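Note sheet for the following structure.
No experiment lies behind these values; they were computed from the predicted model shown. So you know, we letter chains A, B, ... as the sequences are listed, proteins then strands, and number each from 1. Because only heavy atoms are used, hydrogens play no part in the values below, and waters and symmetry mates are left out as well, while side chains stay in.
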Number of protein chains: 2
Amino acid sequence: MEHPSTPTPGRLRTTPSWLLTQTAAHAGRLVTAALSPHHARGYHYRLLATLAETGPASQADLGRHSGIDRSDIVATLNDLADRHLVRRQPDPTDRRRNIVHITPTGRRELSNLQHALDTAQDTLLAPLNPADRRELVRLLDLLLTHHTQPEG
Amino acid sequence: MEHPSTPTPGRLRTTPSWLLTQTAAHAGRLVTAALSPHHARGYHYRLLATLAETGPASQADLGRHSGIDRSDIVATLNDLADRHLVRRQPDPTDRRRNIVHITPTGRRELSNLQHALDTAQDTLLAPLNPADRRELVRLLDLLLTHHTQPEG
DNA sequence: AACCAACGTTGGCACAACCAACGTTGGCAC
DNA sequence: GTGCCAACGTTGGTTGTGCCAACGTTGGTT
């Protein structure tokens with residue numbers, strides 16, 4: 001008895017939210033696979049990348065820029081600080097805040113992660129030509145902008 | 001008024017995997033919100049929808065068609081069976097298998113869920129015109145097909 | 001001085017996605 | 001037929017992401 005291996009029929013296959021979550025799951029697998037040799041997860045990369053672009057910032061700002069919850073920032077930053085990729089430092093002008101710096105080691109590690117991730121992006125987008133890739137990024141960016149705007 | 005609310009700078013913003021996971025997160029929120037009044041989660045809908053399209057099927061087949069793990073099928077099916085949306089029945093020709101049927105009640109509930117989800121899709125795709133929506137579906141489908149093919 | 005807002009932190013929760021293992025059953029090679 | 005392996009349903013975990021509530025501390029406003 002063979003199921004002709006019929007994977008997923010029509011209704012789900014044209015449901016945008018399902019397509020998004022499924023492709024995101026594949027993307028997540030690739031990202032996890034790319035980062036795990038470096039003992040890093042998505043949050044680690046996202047924080048390092050944000051930090052490298054914004055420069056030193058408070059944890060709350062890092063959260064806003066990276067879209068990670070304040071409470072998750074704490075744990076991730078603990079990991080990064082333990083590995084000396086990041087330094088926490090009290091803000092002299094506002095004692096509620098920590099100013100978080102990326103260290104030279106952190107920058108090197110970020111560049112490693114970036115390289116691994118670039119490869120993963122290529123694997124992810126393999127079936128798409130350059131124009132289609134740009135189009136996908138454009139459409140996703142439109143969605144994201146719209147759904148971040150209303151109250152952001 | 002310092003931080004001009006600068007949400008997410010350039011690097012992440014053009015990283016396909018990040019765009020995908022973020023938009024998928026938004027989609028997931030909308031789906032959850034749409035289903036929760038019906039006391040259902042994504043798995044419940046996906047299983048009912050798959051069942052309605054394939055007709056009665058074994059749990060393993062349901063898993064293959066919907067992309068849900070066998071073990072998660074069990075728990076989800078328990079929920080659905082408790083609410084009489086689905087019926088489990090031993091396969092007379094293969095005693096390892098259950099044949100799962102969707103009940104009339106299940107069909108009605110599926111139609112409710114479908115309606116709620118259709119609305120959610122519209123909210124999700126609000127910033128996209130019809131052509132862009134088709135394009136997005138096309139591109140995501142390409143990705144999904146490619147990453148399901150290799151060993152499926 | 002009294003408030004309220006923002007900050008970092010702790011500890012929790014939900015959900016999707018997996019994985020290993022088990023006993024049962026079917027199919028196939030020998 | 002016997003022996004072996006594959007597939008099935010099921011149980012009981014684990015992980016990563018995205019949340020939320022609450023607390024004590026600090027800053028800004030009134």
Of C:dT25, C:dC7, C:dT9, the nucleotide closest to the side chain of B:Arg95 is C:dT25
Using whole Å, report how far CG of B:Asp72 lies from P of D:dT14. 15 Å
Between B:Arg97 (CZ) and C:dG27 (C1'), how many Å, whole number? 12 Å
Strand partner of D:dT30, provided both Watson-Crick or wobble distances fall under 3.5 Å: C:dA1
Is the side chain of B:Thr103 donor-acceptor paired with the backbone N or O of B:Gly106 at a distance under 3.5 Å, no angle test? yes
When the distance from NE2 of B:His26 to C1' of C:dA16 is rounded to whole Å, what number comes out? 18 Å
So what does A:Asp69 touch, heavy atoms closer than 4.0 Å: a base, only the sugar-phosphate, or nothing? base
Does a side chain donor of either B:Arg88 or B:Gln59 reach within less than 3.5 Å of an acceptor in the other side chain? yes
May I ask you to verify if any side-chain N or O of A:Arg46 is less than 4.0 angstrom from the OP1 or OP2 atom of D:dG18? yes
With both distances under 3.5 Å as the test, what is the Watson-Crick or G-U wobble partner of C:dC30? D:dG1
What nucleotide among C:dA21, C:dC7, C:dA17 has an atom nearest to a side-chain atom of B:Arg70? C:dA21
Would you please confirm or rule out a distance under 4.0 Å between OP1 or OP2 of D:dT10 and any side-chain N or O of B:Asn98? yes
Looking at D:dG12, D:dC8, C:dG26, which one has an atom nearest to any side-chain atom of B:Arg64? D:dC8
Distance check needed: D:dC20 P versus A:Ile68 CD1, whole Å only. 15 Å
Just N and O in the side chain of A:Arg96: are any of them under 4.0 Å from OP1 or OP2 of D:dC23? no
Any donor-acceptor pair under 3.5 Å from B:Gln121 side chain to A:Ser17 backbone: yes
Taking atom types as they are modelled, would you say the side chain of B:Ser58 forms a donor-acceptor pair with the base of D:dC8 within the 3.5 Å cutoff? no
Just the rounded figure in Å: distance from P of C:dC7 to CG of A:Asp61. 7 Å
Give a yes/no answer on whether the side chain of A:Gln59 brings an N or O atom under 4.0 Å of OP1 or OP2 in C:dT9. yes
Spacing between A:Asn78 atom CG and C:dT9 atom C1', to the nearest angstrom: 9 Å
Please work out if A:Gly28 contacts a base, only the sugar-phosphate, or nothing of the nucleic acid, heavy-atom cut-off 4.0 Å. nothing
Using 4.0 Å as the upper bound for N to carboxylate O, is an ion pair formed by A:Asp132 and B:Arg138? yes
D:dC8 C1' sits how many Å from B:Leu62 CG, rounded? 13 Å
With both distances under 3.5 Å as the test, what is the Watson-Crick or G-U wobble partner of C:dA14? D:dT17
Atom-to-atom span, CH2 of A:Trp18 to P of C:dA16 - whole angstrom: 14 Å
Between A:His44 (side chain only) and A:Arg41 (backbone N and O only), is there a donor and an acceptor less than 3.5 Å apart? yes
Under 4.0 Å: is that the gap between some side-chain N or O of A:Gln22 and OP1 or OP2 of C:dA17? yes
Indicate yes or no: does B:Arg134 engage B:Asp141 in a salt bridge with an N to O separation below 4.0 Å. no
Scanning all shown strands, the Watson-Crick or wobble mate of C:dC7 with both distances under 3.5 Å is D:dG24
Is there a side-chain polar atom (N or O) of A:Arg88 under 4.0 Å from OP1 or OP2 of C:dT9? yes
